[in-house]
**Student:** 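This is the structure I want to talk about, given as structure tokens.
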Amino acid sequence: MNFIVEAAVKAVKELYHTDITAADVNLQQTRKEFEGQVTIVTFPFVKFSRKGPEQTGQEIGAFIQNEVDVVSGFNVIKGFLNIVITDAFWIGQLYNEIASTDFGVFAPNGQKVMVEYSSPNTNKPLHLGHIRNNLLGYSVAEILKANGYDVIKANLVNDRGIHICKSMLAWQLFGNGETPESSGLKGDHLVGKYYVVFDKEYKKQIEELKTAGQTEDEAKKNAPLIIEAQQMLEKWEAGDAEVISLWETMNSWVYAGFDQTYKQLGVDFDQYYYESKTYLLGKDIIDEGLQKGVFYKKEDGSVWIDLTADGLDEKLVLRANGTSVYITQDVGTAQLKYDQYNADKSIYVVGNEQDYHFKVLFLILQKLGKSWANGLYHLSYGMVDLPSGKMKSREGTVVDADDLMAEMEQTAKTQTEELGKTADFSEEEKNKLYHTIGMGALKYFLLKVEPKKRLLFDPGESIDFQGHTGPFIQYTHARIKSILKRAGFELGKPATVTELDTMERDLILALNQFPETINQAARDYSPAVVANYVYELAKTYNKFYQEKPILKDEVPEDVKQFRLTLSATSAKVISKSMKLLGIDVPERM
RNA sequence: GCACUCGUAGCUCAAUUGGAUAGAGCGUCUGACUACGGAUCAGAAGGUUAGGGGUUCGACUCCCUUCGAGUGCACCA
């Protein structure tokens, strides 16, 4: 629609002798209840025209109609100039742009972006909150790719630390040599089980010490288990062969489990980072910062940065004994990433409880004068809540990722069997379909909500398959495919129709929004933008489908071909959109 | 206490980034040629956009304030 904007700029220049830029023209889709397809808001121009908004609209409208030959008319309602564009234009748009294979795919823009997501702890299995993280990260990566970025998906695995040692210790003490093979438990679940065991035994010891007269705080510090775990961590850091060996074994179990979960989820990574390898990074940068005067040293030798001028606090970046803290390591890892990839942007998909941390991290890197610091972005997302409140792993109120995915597939199976449309499917085809639909429902449910908003999940009532859902969109796609198959239709024939019905035009308009939607989703780092778009599109198609015959005998051949083209392009755009969300669409369901 | 985020129909979410009469789904009620696939479509009911001020041609959107919810405020990660 750039030509409309350009015409508007020209109109203001010639009519009112004022230079404005394209950004000053507020262009939007015309509301359904008015005639026309695009609307210019004319209020901002009245100060140039020195006339009322209606008259200004009339003048600009007349100018544009005269200037642009595909504009066939206009109307003005208050400060809104509604522009009517010819059907010939829209038909051309459908056949020349929308139907082309690279519609919605932008040429490489020469920029590189890293998206870090997932970043699990290796002491417990993934839960619903991790699913949201993974789906967001994967989808944002796909959206950026579609916008022409060269994307690197990274996973920073938290594979060390006291929490890992807790699982290890509990397994050592209470595990009796249990392995995934011996118990049939998925590796990450097995390790998670011992994390819970640790917590239970630890609490017991705390109670014992309390009855022996210690305060809560003392008991927490003095419980033998926690002391042992700390000793284990020290041994790990010292490279103790036995501890390292145990650590490697248990982590390998977890990774096997994660791989399986990731595969089910359909996410993947180009680059893994492990905190066991990065946790010592960053110290040299702290030195660098000390020299530059960005940091300062306190009497005890600890190193700090003063961010009070930026509305934040003072922050420790290195302990008095010279060891790192969390943020030290993140400073170092950020540098490592940059040295390795030279990315223009780096996205961190991390929950909103770390908003402050990333604010501080980015500010530190800016103050250190890192040229790439401006390209850092924290994609912060809200917690997933249950009706009972927050998920807590130790209280057993978490919704386990593997369980949930299995339940979704089961629901898909039940629903599909009830409808009885897959009688001729092979067992393998059926299973694949249940997976596609179950995951479609789950993924859509999580991605349709704006990332930063918290999300409510009720395990009691299963995720819907009707209405504003993934299966609804998948169904629309399958139905189109069915009709195309029946007609033996292939894209490629030229248009022979010259006029559009309202519903046909609305559908082309909706399809035409796709590239802009992809842009906006990337600008906002928001898969929800795509999710809501594709739902609107599916609804628009369904309405068209319901009211306009396509293959019926009474439909003239050229109209039939045209409606088939509309259907085929709708299926393609639906499929492409869903792919950006990491959701597959079936041919039949 | 301080900081950040959020608050839209009974419930779950939208609203073209400051634009027209705030839109969908679920749920409730009513319909759709004797199905080009009914996991669909049409219609009805449902709102003081948490409350109150302000900014302007125009505010769900920006500012102030009150209330409510969440998160953070470790020499843990």
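In what follows, chains carry the letters A, B, and so on, assigned in the order in which the sequence lines appear, proteins first and then strands, with residues in each chain numbered from 1.
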**Student:** Which whole-number value in Å describes the distance from A/K78 NZ to B/U56 P?
**Tutor:**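 Those two atoms, NZ and P, are 20 Å apart.
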**Student:** Within 90° of 0 counts as syn, otherwise anti: where does B/U17 fall?
**Tutor:** syn
**Student:** Using the C1' atom in both, what is the distance from B/G25 to B/G43, to the nearest Å?
**Tutor:** 16 Å
**Student:** Do we get A/R479 above A/Y545's six-membered ring, with its NZ or CZ under 6.0 Å from the centre and within 45° of the axis?
**Tutor:**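 Yes, A/R479 sits over the ring of A/Y545.
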**Student:** Just checking A/P451: base, sugar-phosphate only, or nothing, at a heavy-atom cut-off of under 4.0 Å?
**Tutor:**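 It contacts nothing in the nucleic acid.
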**Student:** Could you please name the partner base of B/G68, counting Watson-Crick and G-U wobble pairs only when both distances are under 3.5 Å?
**Tutor:**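 Here B/G68 is engaged in a pair, and the nucleotide opposite it is B/C6.
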**Student:** With rounding to whole Å, what would you report as the distance between B/C60 and B/G19 at their P atoms?
**Tutor:** 10 Å
**Student:** Taking any heavy-atom pair under 4.0 Å as a contact, classify A/Q513: base, sugar-phosphate, or nothing.
**Tutor:** nothing
**Student:** Which residue pairs pass the salt bridge (Lys or Arg N to Asp or Glu O under 4.0 Å) test with at least one member in residues 527-552 of chain A, sequence neighbours excluded?
**Tutor:** A/D501-A/K548, A/E536-A/K539
**Student:** Are the aromatic ring centres of A/Y326 and A/H357 under 6.0 angstrom apart?
**Tutor:**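 That pair passes the under 6.0 Å test.
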**Student:** Atom NZ of A/K51 and atom C1' of B/C57: how far apart are they, to the nearest Å?
**Tutor:**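 Rounded to the whole Å, the gap is 18 Å.
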**Student:** If a protein heavy atom is under 4.0 Å from the base, mark B; if only from the sugar-phosphate, S; if neither, -; do that for nucleotides 35-42 of chain B going 5' to 3'.
**Tutor:** -BBSBBSS
**Student:** Do A/W247 and A/D159 have side-chain heavy atoms sitting under 4.5 Å apart?
**Tutor:**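 They are in contact (side-chain heavy atoms under 4.5 Å apart), so the answer is yes.
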**Student:** Expressed as a whole number of Å, how far does the P atom of B/G7 sit from that of B/C11?
**Tutor:**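 That atom pair is separated by 15 Å.
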**Student:** For A/V350, which residues count as a side chain to side chain contact (heavy atoms under 4.5 Å, CB included) partner, sequence neighbours excluded?
**Tutor:** A/Y348, A/Q354, A/F358, A/H378
**Student:** How is A/N82 classified with respect to the nucleic acid when contacts are heavy atoms under 4.0 Å: base, sugar-phosphate, or nothing?
**Tutor:** base
**Student:** I need the NZ-P distance between A/K452 and B/C13, as an integer number of Å.
**Tutor:** 15 Å
**Student:** How far does the C1' atom of B/C67 sit from the matching atom of B/A50, given to the nearest Å?
**Tutor:** 8 Å
**Student:** Considering every strand shown, what is the Watson-Crick or G-U wobble mate of B/G27 when both distances are under 3.5 Å?
**Tutor:** none
**Student:** Are the ring of A/F43 and the base ring of B/G19 both nearer than 5.5 Å at their centres and tilted by less than 30°?
**Tutor:** yes
**Student:** Using a heavy-atom distance cut-off of less than 4.0 Å, which residues of residues 21-38 of chain A contact RNA chain B?
**Tutor:**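 Within residues 21-38 of chain A, the residues near RNA chain B are A/N26, A/Q28, A/Q29, A/R31, A/F34.
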**Student:** According to side chain to side chain contact (heavy atoms under 4.5 Å, CB included), who are the partners of A/Y273, at least two apart in sequence or on a separate chain?
**Tutor:** A/M114, A/A154, A/L156, A/Q271, A/L336, A/K337, A/Q340, A/Y341
**Student:** Using a 4.5 Å cut-off on heavy atoms from C-beta on, say whether the side chain of A/T328 contacts that of A/V331.
**Tutor:** no
**Student:** Taking the side chain as every heavy atom from C-beta outward, state whether A/N155 and A/E116 have any atom pair closer than 4.5 Å.
**Tutor:**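 Not in contact.
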**Student:** What is the distance, to the nearest angstrom, from the OH atom on A/Y535 to the C1' atom on B/C26?
**Tutor:**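 Those two atoms, OH and C1', are 10 Å apart.
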**Student:** Report, one line per pair, each donor and acceptor closer than 3.5 Å where one atom sits in a side chain of residues 467-474 of chain A; sequence neighbours left out.
**Tutor:**
residue, atom, partner, partner atom, Å
A/H468, NE2, A/Y444, OH, 3.0
A/T469, OG1, A/F465, O, 3.4
A/T469, OG1, A/F472, N, 3.2
A/Q474, NE2, A/T436, O, 3.1
A/Q474, NE2, A/D584, O, 2.8

**Student:** Using the P atom on both, measure B/A14 against B/U8 and round to a whole Å.
**Tutor:** 11 Å
**Student:** Taking the six-membered ring where the residue is Trp, are the ring centres of A/W236 and A/Y279 under 6.0 Å apart?
**Tutor:** yes
**Student:** Find out whether A/I437 and A/M589 are in side-chain contact, i.e. whether some heavy atom of one side chain is under 4.5 Å from a heavy atom of the other.
**Tutor:**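 A side-chain contact exists here, since the closest heavy-atom pair is under 4.5 Å.
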**Student:** What is the distance, to the nearest angstrom, from the CZ atom on A/R50 to the C1' atom on B/C57?
**Tutor:**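 After rounding, the reported distance stands at 16 Å.
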**Student:** Rounded to the nearest angstrom, tell me the gap between atom CD in A/E554 and atom C1' in B/C33.
**Tutor:** 11 Å
**Student:** Separation of A/N532 atom CG from B/G25 atom P, in whole Å?
**Tutor:**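 The distance from CG of A/N532 to P of B/G25 comes to 13 Å, rounded to the nearest Å.
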**Student:** Taking the side chain as every heavy atom from C-beta outward, state whether A/V191 and A/K124 have any atom pair closer than 4.5 Å.
**Tutor:**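 They are not in contact (no side-chain heavy atoms under 4.5 Å apart), so the answer is no.
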**Student:** Decide yes or no for A/F514 and A/S577: does some side-chain heavy atom of the first lie under 4.5 Å from some side-chain heavy atom of the second?
**Tutor:**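 They are in side-chain contact.
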**Student:** Encode nucleotides 69-77 of chain B as B, S and - characters from 5' to 3', where the letter depends on protein heavy atoms closer than 4.0 Å: B to the base, S only to sugar-phosphate, - to neither.
**Tutor:** --SS--BSB
**Student:** What interatomic distance, in whole Å, is found between P of B/C63 and the corresponding atom of B/G18?
**Tutor:** 11 Å
**Student:** Searching all strands shown, indicate the nucleotide that pairs with B/U49 (Watson-Crick or G-U wobble; both distances under 3.5 Å).
**Tutor:**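 B/U49 is paired with nothing.
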**Student:** To the closest 0.5 Å, what do you measure between CG (A/N75) and CZ (A/F34)?
**Tutor:**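 Those atoms lie 8.5 Å apart.
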**Student:** Whole Å only: how far is the CG atom of A/N75 from the C1' atom of B/A20?
**Tutor:** 12 Å
**Student:** Not counting sequence neighbours, which residues clear side chain to side chain contact (heavy atoms under 4.5 Å, CB included) with A/L225? List them please.
**Tutor:**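 Scan of A/L225 (side chain to side chain contact (heavy atoms under 4.5 Å, CB included), adjacent residues dropped) gives A/L169, A/L173, A/F198, A/E201, A/Y202, A/Q205.
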**Student:** Given that both distances must come in under 3.5 Å, which nucleotide forms a Watson-Crick or G-U wobble pair with B/G1?
**Tutor:**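 Result: B/C73.
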**Student:** Check this for me: does any side-chain nitrogen of one of A/R588 and A/D424 sit under 4.0 Å from a carboxylate oxygen of the other?
**Tutor:** yes
**Student:** Please, which pairs that meet side chain to side chain donor-acceptor pair (under 3.5 Å) have at least one residue in residues 514-523 of chain A, sequence neighbours excluded?
**Tutor:**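 Sorted pair list: A/N147-A/N519, A/Q520-A/D524.
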**Student:** Would you mind classifying the nucleic acid contact of A/S380 as base, sugar-phosphate or nothing, using non-hydrogen atoms under 4.0 angstrom?
**Tutor:** nothing
**Student:** Distances for protein N/O vs nucleotides 9-12 of chain B N/O pairs under 3.5 angstrom?
**Tutor:**
none

**Student:** Shorter than 3.5 Å, N or O on both sides, protein versus nucleotides 62-64 of chain B: list them out with atom names.
**Tutor:**
none

**Student:** Distance check, C1' atoms only: B/U61 and B/C41, in whole angstrom units.
**Tutor:**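 B/U61 and B/C41 have their C1' atoms separated by 33 Å.
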**Student:** With a 3.5 angstrom cut-off on both distances, give the Watson-Crick or G-U wobble partner of B/C57, or none if there isn't one.
**Tutor:** B/G19
**Student:** Applying side chain to side chain contact (heavy atoms under 4.5 Å, CB included), can you list everything that pairs with A/K560, at least two apart in sequence or on another chain?
**Tutor:** A/L551, A/V555, A/E557, A/L564
**Student:** Taking atom P in both B/C64 and B/G27, what distance in whole Å separates the two?
**Tutor:**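 About 42 Å, rounded to a whole number of Å.
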**Student:** Answer yes or no on whether A/K297 is positioned over the face of A/W304, meaning its NZ or CZ is under 6.0 Å from the six-membered ring centre and within 45° of the axis.
**Tutor:** no
